[in-house]
Visitor: 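Before we start, here is the structure in question, set down as structure tokens.
What you see below is based on every heavy atom in this structure, not just the backbone, and it leaves out hydrogens, waters and symmetry mates. Just follow the structure's listing: the first ligand is 1, and inside any ligand the first atom is 1.
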Amino acid sequence: MSIILGIESSCDETAAAVYDSDRKQLLSNVVFSQIKLHEIYGGVVPEIASRSHLEKIDLIVQAALDKANISLDNINYIAVTNKPGLVGSLLVGLCFAKSLAFAKNKKIIGINHLKAHIFSSFLKVDNSIEDVPFPHICLSASGGSTVIYYVKNFGEYEVIGQTIDDAAGEAFDKVAKIIGFGYPGGAKIEQAAKIVDFQDFYKYPRTKNFTKTLDFTFSGLKTAVMYDLVKKNAYDLQNGPIFENITSELQNQVSSSLLVCIADIFQAKIELALKLYPDAKAVTFVGGVACNNYICDRLNSIVNNLGKKFISPVCRFCADNAAMIAFLGAQKAEQNQFSDLDLDVFK
Ligand code: KG4
């Protein structure tokens, strides 16, 4: 019987989960989000993040064990994120996991957080495991990365497209900040866009050739939104947003136009990926941006129309979490891929 404890602390969530790989069932998944601590600064402050992880890590791990109704002695392996992320934050999770492994004589498994996102598509809403077919295309979009993978198996995948500058989540967050929504902005942009029925008011540029390459670029989009707001007298290039001129109508219209633009870009990339990799049996959409229902619905319908399966996990598995760390840890344990206690962190 293999029970895996997963620990994740790469950025601004302290998370722990317990996964039973024999029953293929997630037994618990606990997350403490630090958003409240960072939002007044408009982004994640690394020192605050690592201090908060330190305060919470033992409580969150204990809560995950309690919820799973299991003691540490009954855990077989400990899977922990050791890259990439904020070094101070990663160190808290890794040192905690190593101490547990040493004290309780358990094997430890270092996990690349971005790889864990790829396989988060296997986590189903009822905490059981989805049988996602291989090979498949995975679009992973979060605050720090936007990548398309061709996934052949666990641990066997190729990067077939990625952003050459900003991530999609970053574009949402930066525009959200400019129009006064604060941090993080993706969910607020979606709420505002819904009010105006997801119309494309301003037709922001999709960049030349966006249907011909699997790579992304989002930094020009943010600049285009900014210059459009300058024209509307809502942004000053020296002093930033002119909040008294940013009405809620303008916020909704900018949000909606931005969301439709990013959804169009994602749709074009998925259509091209399926053309280039016709043997892909499914498309998965993961990472924090995959919490966006509008984008999910758009991708779902084009992928289904092409006769393939579309899978996007529920939001609690898209955003940073330890369930995906424990799940990938279980696959690695099956392949005997364990780490040593000199495992280090990498940003
Ligand atoms: O994967 P994730 O939880 O964590 C990190 O990247 O650290 O992704 C966070 C990103 C943020 O940029 C946030 O604005 C975005 O996911 N996000 C969304 C939505 N919910 C979160 N973007 C668009 N629509 C949403 N509903």
Visitor: What do you reckon, are the aromatic ring centroids of Y77 and F338 less than 6.0 Å apart?
Guide: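 Aromatic pair counts; centres sit under 6.0 Å.
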Visitor: Please state which protein non-hydrogen atom is closest to atom 12 (O) of ligand 1 and give its distance, to 0.1 Å?
Guide: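 The closest heavy atom on the protein side is D173 OD2, 2.7 Å.
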Visitor: Tell me, which protein residue and heavy-atom name are nearest atom 9 (C) of ligand 1, and how many Å apart are they?
Guide: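 So the nearest neighbour among protein heavy atoms is G143 N, 3.7 Å.
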Visitor: Indicate yes or no: does E158 engage K152 in a salt bridge with an N to O separation below 4.0 Å.
Guide: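 Salt bridge flag = yes for K152 with E158.
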Visitor: Going by the order shown, which atoms of ligand 1 are within less than 4.0 Å of some heavy atom of F172?
Guide: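 The atoms of ligand 1 under 4.0 Å from a heavy atom of F172 are 22 (N), 23 (C).
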Visitor: Nearest to atom 24 (N) of ligand 1, what protein heavy atom do you find, and at what distance?
Guide: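 Heavy-atom neighbour on the protein nearest atom 24 (N) of ligand 1: N292 ND2, 2.9 Å.
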Visitor: Please work out which of the three classes, parallel, tilted or perpendicular, describes the rings of Y204 and Y202, given edges at 30° and 60°.
Guide: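 Tilted, since the angle between the ring planes falls between 30° and 60°.
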Visitor: Report yes if D12 has an N/O atom closer than 3.5 Å to an N/O atom of ligand 1; otherwise report no.
Guide: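 No - when backbone and side-chain N and O of D12 are compared with those of ligand 1, no distance drops under 3.5 Å.
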Visitor: Looking at R298 and D264, does any basic side-chain N land under 4.0 Å from a carboxylate oxygen?
Guide: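 Between D264 and R298 there is a salt bridge, with a charged N closer than 4.0 Å to a carboxylate O.
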Visitor: Hey, which atoms in ligand 1 end up nearer than 4.0 Å to a heavy atom of C291?
Guide: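 What qualifies from ligand 1 is 20 (N), 26 (N).
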Visitor: In terms of hydrophobic clustering (I, L, V, M, F, W, Y; side-chain heavy atoms under 4.5 Å; direct or indirect links), are F243 and I189 co-clustered?
Guide: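 Hydrophobic grouping puts F243 with I189.
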Visitor: List the closest protein heavy-atom neighbour of atom 20 (N) of ligand 1: residue, atom name, distance to the nearest 0.1 Å.
Guide: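 Atom 20 (N) of ligand 1 sits closest to the protein heavy atom G288 O, 3.6 Å.
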Visitor: Taking ring-ring contact (aromatic ring centres under 6.0 Å, His included) as the definition, give me every residue that meets it alongside Y235, ordered by chain and number, with sequence neighbours left out.
Guide: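 So Y235 forms no ring-ring contact (aromatic ring centres under 6.0 Å, His included) with any residue.
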Visitor: State whether the shortest distance between N or O atoms of G169 and N or O atoms of ligand 1 falls below 3.5 angstrom.
Guide: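 G169 vs ligand 1: N/O contact under 3.5 Å present.
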Visitor: How close does the nearest protein non-hydrogen atom get to atom 18 (C) of ligand 1, and which residue and atom is it?
Guide: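 Here the nearest protein heavy atom works out to G186 CA, 3.5 Å.
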Visitor: For the 3.5 Å polar cut-off, considering only N or O atoms, please tell me whether E190 and ligand 1 meet it.
Guide: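 Among all N and O atoms of E190, at least one is under 3.5 Å from an N or O of ligand 1.
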Visitor: Starting at NZ of K222, measure out to CG of D166 and round the result to the nearest 0.5 Å.
Guide: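 Going from NZ on K222 over to CG on D166, the span is 5.5 Å.
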Visitor: Is the count of non-hydrogen atoms from other residues, nucleotides or ligands lying under 6.0 Å from N69 atom CG greater than 12?
Guide: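 12 or below, so no.
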Visitor: Compute whether any side-chain donor of one residue and acceptor of the other, for N127 and Y19, lie under 3.5 angstrom apart.
Guide: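 N127 vs Y19: no donor-acceptor pair found between side chains.
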Visitor: Can you tell me which residue and heavy atom of the protein come closest to atom 4 (O) of ligand 1, and the distance to 0.1 Å?
Guide: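 Of every protein heavy atom, D320 OD2, 3.4 Å lies nearest to atom 4 (O) of ligand 1.
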Visitor: Which of the numbered atoms in ligand 1 are below 4.0 angstrom from a heavy atom of A319?
Guide: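 Within the 4.0 Å cut-off of A319, ligand 1 contributes 3 (O).
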Visitor: When you measure from atom 19 (C) of ligand 1 to each heavy atom in S145, G144, A187, which option holds the nearest one?
Guide: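 Looking at heavy atoms only, the winner is A187.
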